[in-house]
*Asks:* 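Dropping the structure in here first, questions after.
Order of the sequence lines fixes the chain letters, A, B, ..., with proteins taken first and strands second; residue numbering starts at 1 for each chain.
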2 protein chains.
Amino acid sequence: MKKVTMADVAKLANVSKSTVSQYLNKRYEYMSEETRKRIAQAIEELGYQPNVIARSLKQKTTATIGVIVFNMLHMLTTQVLHAIEEECQKRGFQVIVCNSGDDPEKEKKYVDMLLAKQVDGLIVFPTGKNEEVYRRLVEERFPLVFVDRMVPGVEADSVLLDNAGAAEMAVQYFASYGYERIAIVTPPLVPYNVPRMERFEGFRAAMEKRGFEVGDQNVIAAEPAALPGELKKRFMESERPNALFAINDLTLMGVLRFVKETGIRMPDELAIINIDDVPFADIYTPALTTIAQPTFAMGKKAAERVFEQMDSNHADSPRVFRFSPALVERTWIKRGNGKEGRRNDEDS
Amino acid sequence: MKKVTMADVAKLANVSKSTVSQYLNKRYEYMSEETRKRIAQAIEELGYQPNVIARSLKQKTTATIGVIVFNMLHMLTTQVLHAIEEECQKRGFQVIVCNSGDDPEKEKKYVDMLLAKQVDGLIVFPTGKNEEVYRRLVEERFPLVFVDRMVPGVEADSVLLDNAGAAEMAVQYFASYGYERIAIVTPPLVPYNVPRMERFEGFRAAMEKRGFEVGDQNVIAAEPAALPGELKKRFMESERPNALFAINDLTLMGVLRFVKETGIRMPDELAIINIDDVPFADIYTPALTTIAQPTFAMGKKAAERVFEQMDSNHADSPRVFRFSPALVERTWIKRGNGKEGRRNDEDS
DNA sequence: TTGTAAGCGTTATCAA
DNA sequence: TTGATAACGCTTACAA
């Protein structure tokens, strides 16, 4: 089937392989109108398709980048991937997608496979636990960009949310409406999960700045599945929170499950905000105010950075790109007491 | 950096390239313990990584498959992709993902690029409009599987939902609870969109089988963005529907927006069902009953089929794999009148 | 048990 | 303007 090669074209057009190659690379300058035509025709006739693998071998570049993510099913991932793909498309690049499932072993294996496949660059949503692997890449000046998380100890370009800013935004939002019993809801706090820690520390800072305490009573950390139960426990205690800051969409689901199971009234008894925009935010009742990550911009930037690294050998020092979250306010809460609220139906 | 090649290893180990090659391909049989050790050491010492591009050129196989989707952001896509990736991982394959954005031109370009990159197979969520392109591939016996949609006129393996069955399931669900004023909500019905048409025809058949009429009054077809408006119009008329069948998640969003804007009560005044499982189904009030596609099984099957096609040259005739949807019942509706309902809080 | 050499389909260098 | 010819890094007969 696809066994027609450049040699076949050359033979049919009565020229040499090199001439065909010239033609394919659009170096028409020293080519007669005549031969150009003949080659074009031969290609057409044989249905010739160049083999870019052969080209890659020679040129040491594959026009392919590898993307390793820790959770393909996550919406953030999907959206960032989409932006990356789009950016690559513009440059004629393609994307190999690998899902590490947050398993460092797999992540490492993927890095090796992608390098063996001679990808020209790597964008990684890292598990955070393969310091050595990435450090070697950085040393070798291999184009590498981290997204969403970073790898402690590795100095590479990173595209991240301004996590502290997002936490501040959440607290500020609640505070401006008079809420004071604000709690953070998060998966277990583990040191290697950079964004999680940053959001937590940002929360603490934002709270303390306003004279609110942060302690066991307003830090609810548990696996998403255990959250509803954990929240119920907390809400049995006196002085229960009246505002919850869910640090991502998964924990938001836990919170909403809790809300549904207990029938607690929103926003009268409880106000909620979360990081990550969710597709049902505006059809939920009450509409949910969220702190959206600029996923598209982040993906675009990540791709741009790999390309810039590919194009320049004078390896400028790695930079961390912080993206500002956007408050998407969908529910109006009556300012001043944090008790009453009403739906805003005027949003699109 | 990565310029260490097999020749380097060979030199350092004092053997020939072929021996190193044998070693790498684990053909130890006729190799002395001694040389094996030396090669292993040399590899280690040099940090040698084989270049699979070179291997591919020789072997005419890249251990890569291409996946072209029409909408990367769609949840179905994400989940199927995930399953494909997982299946490929097991076989040591990798996946190049391309997003056509439902643009046939782009789709065609991607097919060409992927073939040029010598992928070993192709899984496509087709736009439905590149008959020639795919027909050629089928003729050439190139491993190809369609997912979600088919391309009219192309006889290739296809992995699809049993769309008619899903529609029947929806109507049966409503009918069993006594609803009779059932309407279908769908994007505009265009002939090249196979699943959409199948769902619609399935709906018609299911309705007529039960003696319900299908006509303008209970077919609501509009672009998702226009749906809320369209629905409002329909609900001004007398004999308005009391049950809506949304044929996918996007139209469901339109319906829910309409519900929210008008304040119509669910499930008292209106029952809803839709195809595609949505992440918020059980935190929504009332919990949403959905008809889920077995996305994981579908992705797995798609991958398996490409592999089977790759492994066998006796090209068995193309098959269409229909996957049964699953009714995920989350709301109990009091049987018998279709007017009353109550939330079911007992689901997990 | 290991080495030699040809080839995979391109590109690149240098002559012609 | 075009054509030989040698790479690119690996696999694979076939020899040794």
*Asks:* Indicate, with a heavy-atom threshold strictly under 4.0 Å, whether A:Y23 touches base, sugar-phosphate, or nothing.
*Replies:*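 Nothing, no heavy atom under 4.0 Å.
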*Asks:* If you measure from the Lys or Arg side-chain nitrogens to the Asp or Glu carboxylate oxygens, is any gap between A:E308 and A:K301 under 4.0 Å?
*Replies:* no
*Asks:* Looking only at side-chain atoms of B:L57, point me to the closest of C:dT10, C:dG9, D:dC10.
*Replies:*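 Looking only at side-chain atoms, B:L57 lies closest to C:dG9.
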*Asks:* Would you say a side-chain N or O of A:K60 is under 4.0 Å from OP1 or OP2 of D:dG9?
*Replies:*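 Indeed, a polar side-chain atom of A:K60 lies that close.
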*Asks:* Tell me whether the side-chain N or O atoms of A:K17 pair up with the base of C:dT10 as donor and acceptor below 3.5 Å, since no angle test is needed here.
*Replies:* yes
*Asks:* Take A:Q22 and B:Q22, find for each the nucleotide of DNA chain C with the closest heavy atom, and name the residue whose nucleotide sits nearer the 5' end.
*Replies:*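 Residue closer to the 5' terminus by nearest nucleotide: B:Q22.
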*Asks:* Is the phosphate of D:dT12 approached by B:S21 (side-chain N or O, under 4.0 Å from OP1 or OP2)?
*Replies:* no
*Asks:* Could you tell me how far apart B:Q59 (CD) and D:dC10 (C1') are, to the nearest whole angstrom?
*Replies:*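 Between C1' of D:dC10 and CD of B:Q59: 9 Å.
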*Asks:* What's A:V15 touching, base or sugar-phosphate or nothing? Going by heavy atoms closer than 4.0 Å.
*Replies:*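 Answer is sugar-phosphate: A:V15 comes under 4.0 Å of backbone atoms only.
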*Asks:* Whole angstroms only, please: what is the CG-P distance between A:L24 and C:dA12?
*Replies:* 12 Å
*Asks:* What does B:D8 touch in the nucleic acid at a heavy-atom separation under 4.0 angstrom: a base, only the sugar-phosphate, or nothing?
*Replies:*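 Counting heavy atoms under 4.0 Å across all strands, no contact is made by B:D8.
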*Asks:* Rounding to an integer number of Å, can you tell me how far A:K58 NZ sits from D:dG9 P?
*Replies:*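 Going from NZ in A:K58 over to P in D:dG9 covers 9 Å.
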*Asks:* When the distance from NZ of B:K37 to P of C:dT1 is rounded to whole Å, what number comes out?
*Replies:* 15 Å
*Asks:* Salt bridge or not for A:R36 and A:E33, using N-O below 4.0 Å?
*Replies:*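 Salt bridge flag = yes for A:E33 with A:R36.
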*Asks:* Does a nitrogen or oxygen in the side chain of B:S32 sit under 4.0 Å from OP1 or OP2 of C:dT1?
*Replies:* no
*Asks:* Round to a whole Å and report the spacing from CD1 of B:I53 to C1' of D:dT11.
*Replies:* 15 Å
*Asks:* Which of these, B:V67, B:V147, B:I123, B:V69, sits in a side chain to side chain contact (heavy atoms under 4.5 Å, CB included) with B:V80?
*Replies:* B:V147
*Asks:* Ring centres under 6.0 Å, that's the criterion: do B:F146 and B:Y134 meet it?
*Replies:*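 Judged by ring-centre distance (under 6.0 Å), B:F146 and B:Y134 do meet the cut-off.
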*Asks:* Is any side-chain N or O of A:T35 closer than 4.0 Å to OP1 or OP2 of D:dT2?
*Replies:* yes
*Asks:* Are A:D102 and A:R149 ion-paired here, with the side-chain N under 4.0 Å from a carboxylate O?
*Replies:* yes
*Asks:* Could you tell me whether the phosphate oxygens of D:dC8, OP1 or OP2, come under 4.0 Å of any side-chain nitrogen or oxygen in B:N51?
*Replies:* no
*Asks:* Would you say a side-chain N or O of A:S18 is under 4.0 Å from OP1 or OP2 of D:dT5?
*Replies:* no
*Asks:* How close or far is atom C1' of D:dT5 from atom CE of A:M6, stated in whole angstroms?
*Replies:* 13 Å
*Asks:* What is the separation between atom CD on B:E33 and atom P on C:dT2, rounded to the nearest whole Å?
*Replies:* 11 Å
*Asks:* Are B:R305 and B:F321 in a cation-pi setup, meaning NZ or CZ lies under 6.0 angstrom from the ring centre and within 45 degrees of the ring axis?
*Replies:*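 Not satisfied by the 6.0 Å and 45° rule.
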*Asks:* Does a side-chain N or O from A:S16 land closer than 4.0 Å to OP1 or OP2 of D:dG3, or not?
*Replies:*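 A:S16 to D:dG3 OP1/OP2: side-chain N or O found under 4.0 Å.
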*Asks:* Rounded to the Å, how far apart are A:R55 CZ and D:dG9 P?
*Replies:* 17 Å
